[in-house]
J.: 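My structure is below; once you've seen it, I'll send some questions.
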Amino acid sequence: MAYNHKKIEKKWQVYWQDNKIFRTDDQSSKPKYYVLDMFPYPSGSGLHVGHPLGYIATDIVARYKRHKGFNVLHPMGWDAFGLPAEQYAIKTGTHPSVTTKTNIKNFRRQINMLGFSYDWDREINTTDATYVKWTQWIFLQLYKKGLAYEDEVPVNWCPELKAVLANEEVVDGKSEIGGHPVIRVPMRQWMLKITKYADSLLDGLDDLDWPHSVKELQRNWIGRSTGANVKFSLPSIQKNMSVFTTRPDTLFGATYMVMAPEHPWVANLVNNEQKSAVQEYIEIASKKSDLDRTELNKEKTGVFLGAHAVNPVNGKEIPIWISDYVIMSYGTGAIMAVPGQDQRDWDFAKKYDLPIIRTVQIPDDFDGEAYIGEGVAINSDFLNGLEINDAKNKIISWLEAKGLGEKAIQYKLRDWLFSRQRYWGEPIPIIHKDGKTIPLDKSELPLELPNVEKYEPSGTGESPLSTIPDWVEVKDDNGAIIGLRETNTMPQWAGSCWYFLRYIDPKNIENAWDKSKEAYWMPVDLYVGGAEHAVLHLLYSRFWHHVLYDLGFVSTKEPFKKLFNQGMILGEDGSKMSKSRGNVVNPDDTVDTYGADAMRLYEMFMGPLDKAKPWSITGLQGCSRFIKKLWSLLVTNEGEFSKHITHDDSSKETLRYLHNMIKRVSYNIENLQFNTCVSEFMIFTNHIQGLETINKDIIKTFIVLINPFMPHMAQELWQLSGNESELTFIKWPNFDENLIQSDTMKLAVQINGKRRSEIVVDVTMTEDEINEFAKSDERILKYLEGKQIIKEIYVEGRLVNLVVK
RNA sequence: GCCGGAGUGGCGGAAUUGGUAGACGCGCACGACUCAAACUCGUGUAUCGAAAGGUGUGGGGGUUCGAGUCCCCCCUCCGGCACCA
């Protein structure tokens with residue numbers, strides 16, 4: 001009987017669901033294994049074949065670990081707040097929760113059709129009130145710890161749309177919708193003090209089993225640099241200007257100072273003569289969009305303020321300029337310019353004819369401009385002759401002793417802009433009263449979204465919530481207004497910062513999670529998802545987790561022990577799958593035609609999980625062919641287990657194939673190398689295809705091995721073989737190294753490292769015997785004629801290499 | 001520019017981490033089955049050469065008995081950051 005994937009896959013999916021085979025016990029004497037997927041945003045367009053790639057991999061690991069005797073937590077849920085549903089609501093008036101519900105239904109159907117072993121009793125949805133409650137609760141923990149504050153920060157304001165836009169809604173300085181100009185305008189926002197955790201987040205990376213590239217990305221993003229703050233006095237306004245530098249050793253070479261155009265002191269510093277030029281420059285700089293700024297990078301511009309600063313090491317007066325190559329938001333918004341040792345300063349100095357003093361000895365063969373290499377200090381008074389590091393230490397001590405500066409650390413990382421002027425997000429649980437902020441009490445949570453008529457932002461750029469007085473105004477029993485609710489909502493990142501904790505205890509109404517359950521399950525053992533989340537999601541959720549750890553709510557500092565990024569599946573044309581290219585492959589069609597097992601198997605067979613690789617319909621057909629072939633090998637036309645499957649003893653050769661497969665498949669699953677596992681199945685199948693009879697126990701072992709990859713067919717075969725016990729929990733087989741050994745082995749014989757012949761020897765032969773045998777080989781003899789053997793190298797089970805002269 | 005990753009047959013990719021390069025699959029060719037085609041099965045398939053043999057893992061050097069694998073220089077592609085002082 002030909003393999004009927006539709007019937008069989010449906011049958012087992014219903015069986016798994018009805019019998020709750022994958023329901024996970026909260027506590028167990030078994031060791032735990034927590035394998036997590038990055039949960040999806042349920043978009044309207046559904047999945048394409050690339051989306052479930054990571055889910056297939058984690059499902060294989062989950063099923064494998066169950067065979068290995070682990071209590072496996074493998075949940076799925078929905079990151080359901082987000083812009084598309086809100087935009088759809090603005091367009092059609094459909095409430096986002098309605099859209100979300102529909103989309104989730106479709107996503108769940110698509111995910112289920114692939115036969116994943118999720119514990120659906122733990123399904124979560126970030127937009128459920130029961131979930132929002134705890135997202136808000138965590139926000140309040142951060143607030144109470146002093147990590148949430150309000151600040152005026154620039155946002156993307158589109159005057160035409162009267163709306164604040166997210167970065168992804170701004171393309172080339174214009175709104176994505178309509179192409180209207182977008183400018184940066186300061187607005188009151190909620191910020192989270194992630195910078196306070198910069199060191200903690202940096203240090204935590206060291207011990208994580210994460211891709212090297214992701215760790216590097218996060219390190220660069222945090223961007224820690226060490227140096228010193230140096231005080232320059234500003235005589236004209238009788239203030240001190242502190243600047244950050246990583247090269248305090250070059251202080252004697254600081255020949256001018258540059259401030260960001262937006263620096264608040266500029267207005268005070270500028271003299272009358274320069275006033276109009278400075279104002280004009282500030283004007284132009286403020287109008288530059290981000291794109292212009294990068295384009296104009298090539299040529300540096302700036303204006304002299306007509307004021308001076310005093311270099312603390314030598315008392316010299318140096319001119320102060322403004323230029324947009326200095327950023328207000330890093331350090332103090334001002335720099336000491338050392339053109340001799342910094343190329344940017346060199347370029348600027350050359351253009352405006354400012355003095356250049358080298359303070360590090362350049363090598364004889366140096367022909368560049370600014371010199372940033374190693375060398376001893378020159379032109380630097382008491383630092384002269386010192387290597388860079390020694391000079392740094394000495395000048396810092398000197399500055400500290402005189403009260404003119406100190407050692408300092410700076411980060412590129414900025415605080416997290418946590419508020420959005422949107423409807424479809426978690427309301428921030430804060431009440432404003434008399435200029436103060438009052439957090440809601442836990443008992444008042446969740447603070448739910450009210451129904452609104454319109455989803456557009458209010459004309460002032462505030463969220464649509466601000467247009468509902470009933471909701472905004474908090475009244476006492478007499479109806480008097482005692483406060484106003486915060487109308488900003490949280491960003492989409494909020495829900496995904498802690499969802500892995502809620503899976504542990506999804507129905508808990510007393511607490512976000514039970515502490516003992518958390519202690520049992522955390523950390524996540526394996527986390528698989530796309531590389532696009534390398535920084536933001538993974539940094540934000542680590543930040544929250546570090547805070548929760550410091551507050552004693554969680555038992556581990558780091559949430560994700562091992563991280564893996566699955567690669568992209570490209571279209572058949574080798575480019576990214578997209579509707580506009582028309583190269584999207586739909587999993588519904590694929591599963592319908594070839595079945596879930598074939599799709600799972602093919603996606604794993606395509607290549608290494610982390611690499612990008614193109615889809616190939618013929619490749620998929622190859623895997624489908626393999627499944628049908630294996631089926632027809634084991635099952636008769638009448639749908640019964642084949643008569644060739646007997647209790648006859650297996651040949652040594654077959655046992656060797658089997659145990660080799662067990663060894664390699666086990667090792668390769670542990671190392672997430674699923675493509676080679678599929679090869680192993682094919683090699684074994686090719687072998688048994690040529691046999692008269694096959695031992696039944698061997699086939700039963702084989703069924704366990706393929707179960708993680710092709711669970712539907714494995715279950716069906718398991719049932720046909722007459723097994724009553726549940727396949728999911730059958731013990732994973734061990735391999736016997738002795739059975740992998742053959743009686744004879746093939747060795748290459750090399751002359752001077754070049755392969756010249758091949759010999760078959762008995763495994764019992766000694767090294768000397770093998771060497772002698774190799775030397776007597778007919779093809780080797782002619783290479784030895786008239787030569788002298790100076791060395792004989794035997795590599796066990798591999799080769800003999802004869803070095804001749 | 002800086003940081004990270006990758007370059008192996010016609011294609012996707014293997015190679016126990018220094019030991020017979022090209023497993024497995026796709027594609028292709030030939031053969032069997034068929035009136036025929038599809039399916040299925042079998043055989044072959046890095047490359048040059050009639051053969052003996054030579055050459056081959058982006059290019060060039062090096063270490064080694066032996067290099068796809070280690071070291072140095074260079075090229076190309078992908079991802080990220082982008083005046084961070």
Side-chain angles (χ1 to χ4, degrees), chain A residues 2 211-221 223-225 227 243-247 250 254 258 290 293-294 296-298 300 323-327 329-338 341-345 347-348 410-414 531-532 534-535 565 567-568 570 574 601-602 605-608 610-623 625-626 628-629 632 660 663-664 667-668 673 675-686 689 746-759 790-804:
Chain A
H212 179 68
S213 60
V214 177
K215 290 209 231 179
E216 264 329 279
L217 236 47
Q218 294 215 349
R219 287 190 184 110
N220 292 341
W221 191 263
R224 182 188 149 112
S225 42
V243 300
F244 175 72
T245 176
T246 55
R247 293 294 302 274
T250 64
V258 187
D290 291 347
R293 283 211 172 179
T294 45
L296 292 173
N297 269 350
K298 289 154 198 155
K300 289 196 173 23
S323 170
D324 63 5
Y325 86 89
V326 173
I327 304 165
S329 50
Y330 184 79
T332 60
I335 61 155
M336 60 179 225
V338 188
Q341 275 80 227
D342 185 297
Q343 190 60 41
R344 294 159 302 183
D345 297 342
D347 294 341
F348 195 81
Q410 276 291 332
Y411 302 90
K412 281 197 227 175
L413 184 70
R414 307 289 153 78
E532 66 273 18
V535 178
N565 297 125
M568 220 183 303
L570 308 170
L601 197 69
Y602 172 60
F605 187 52
M606 289 173 84
D610 56 342
K611 298 284 182 309
K613 54 242 156 190
W615 186 260
S616 155
I617 187 72
T618 51
L620 170 65
Q621 284 164 348
C623 286
R625 206 145 50 217
F626 166 73
K628 287 178 188 156
K629 179 165 119 179
S632 65
N660 235 320
K663 180 181 180 178
R664 291 188 176 154
Y667 179 84
N668 290 339
Q673 294 163 336
N675 52 333
T676 48
C677 293
V678 180
S679 299
E680 293 301 324
F681 299 149
M682 289 170 171
I683 291 168
F684 182 76
T685 304
N686 288 344
Q689 193 176 13
K746 262 199 258 178
L747 300 176
V749 185
Q750 297 181 334
I751 302 292
N752 293 340
K754 275 190 193 282
R755 182 174 171 277
R756 295 300 183 186
S757 185
E758 190 170 80
I759 53 174
I790 49 176
K791 204 168 176 187
E792 294 171 21
I793 297 152
Y794 172 61
V795 182
E796 205 186 330
R798 291 275 156 198
L799 54 79
V800 176
N801 187 13
L802 304 172
V803 184
V804 302

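Per chain, numbering begins at 1; letters A, B, ... match sequence-line order. Reckoned from all heavy atoms, side chains included, excluding hydrogens, waters and symmetry mates.
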J.: Listed by chain and number, what are the side chain to side chain contact (heavy atoms under 4.5 Å, CB included) partners of D610(A), not counting sequence neighbours?
T.: F564(A), P608(A)
J.: With sequence neighbours left out, write down each residue that passes side chain to side chain contact (heavy atoms under 4.5 Å, CB included) with A334(A), or none if nothing qualifies.
T.: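 By the side chain to side chain contact (heavy atoms under 4.5 Å, CB included) rule, A334(A) matches M241(A), V243(A), M259(A), T332(A).
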J.: Which residues pass the ring-ring contact (aromatic ring centres under 6.0 Å, His included) test with Y411(A), not counting sequence neighbours?
T.: none
J.: By side chain to side chain contact (heavy atoms under 4.5 Å, CB included), which residues pair with I751(A), not counting sequence neighbours?
T.: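 Result, side chain to side chain contact (heavy atoms under 4.5 Å, CB included) vs I751(A): R756(A), I780(A), Y783(A), L784(A), L802(A), V804(A).
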J.: CG of L217(A) versus P of G79(B): gap in Å, rounded?
T.: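 After rounding, the gap between these two atoms is 13 Å.
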J.: Tell me, please, which residues at least two apart from Q621(A) pass side-chain hydrogen bond (donor to acceptor under 3.5 Å, both in side chains).
T.: Y594(A)
J.: In whole angstrom, give me the gap between the C1' atoms of G58(B) and U69(B).
T.: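 It comes out at 16 Å once rounded to the nearest Å.
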J.: Set out, line by line, the N/O atom pairs under 3.5 Å between protein and nucleotides 38-48 of chain B.
T.:
none

J.: Produce a footprint string for nucleotides 5-15 of chain B: one letter per nucleotide, 5' end first; B if the base is under 4.0 Å from any protein heavy atom, S if only the sugar-phosphate is, - if neither.
T.: S------BSS-
J.: Each nucleotide N or O in nucleotides 63-69 of chain B that has a protein N or O under 3.5 Å away: list the pair and distance.
T.:
{"unit_1": "C65(B)", "atom_1": "O2", "unit_2": "N801(A)", "atom_2": "ND2", "d": "2.4"}

J.: Closest-nucleotide mapping onto RNA chain B: is E216(A) or Y411(A) further toward the 5' terminus? I mean the 5' end.
T.: E216(A)
J.: So if I take every side-chain heavy atom of Y325(A) and compare against C83(B), U20(B), C3(B), which nucleotide ends up nearest?
T.: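 Output: C83(B).
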J.: Using the ring-ring contact (aromatic ring centres under 6.0 Å, His included) criterion, which residues pair with F681(A)? Sequence neighbours excluded.
T.: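 ring-ring contact (aromatic ring centres under 6.0 Å, His included) list for F681(A), sorted by chain: F709(A).
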J.: Sequence neighbours left out, what passes side chain to side chain contact (heavy atoms under 4.5 Å, CB included) with K746(A)? Give chain and number order.
T.: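 Scan of K746(A) (side chain to side chain contact (heavy atoms under 4.5 Å, CB included), adjacent residues dropped) gives E758(A), V760(A).
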J.: Expressed in whole Å, how much space separates the C1' atoms belonging to A85(B) and U76(B)?
T.: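 It works out to 33 Å between them.
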J.: Name the residue closer to the 5' end of RNA chain B, choosing between G331(A) and W221(A) according to the nucleotide with the nearest heavy atom.
T.: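 It is W221(A), whose closest nucleotide lies nearer the 5' terminus.
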J.: From the set A21(B), G54(B), A85(B), return the single nucleotide nearest to any side-chain atom of R755(A).
T.: A21(B)
J.: Apply ring-ring contact (aromatic ring centres under 6.0 Å, His included) to F605(A) and list each qualifying residue two or more places apart in sequence or on a separate chain.
T.: none
J.: Could you please name the option among G53(B), A85(B), C3(B) that lies closest to any side-chain atom of S225(A)?
T.: A85(B)
J.: Can you list everything that forms a ring-ring contact (aromatic ring centres under 6.0 Å, His included) with F684(A)? Sequence neighbours excluded, please.
T.: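 For F684(A), the residues satisfying ring-ring contact (aromatic ring centres under 6.0 Å, His included) (neighbours in sequence not counted) are F702(A).
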J.: Spell out yes or no: do the side chain of K300(A) and the base of C83(B) have one donor N/O and one acceptor N/O closer than 3.5 Å?
T.: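 Yes, the side chain and the base share a sub-3.5 Å donor-acceptor pair.
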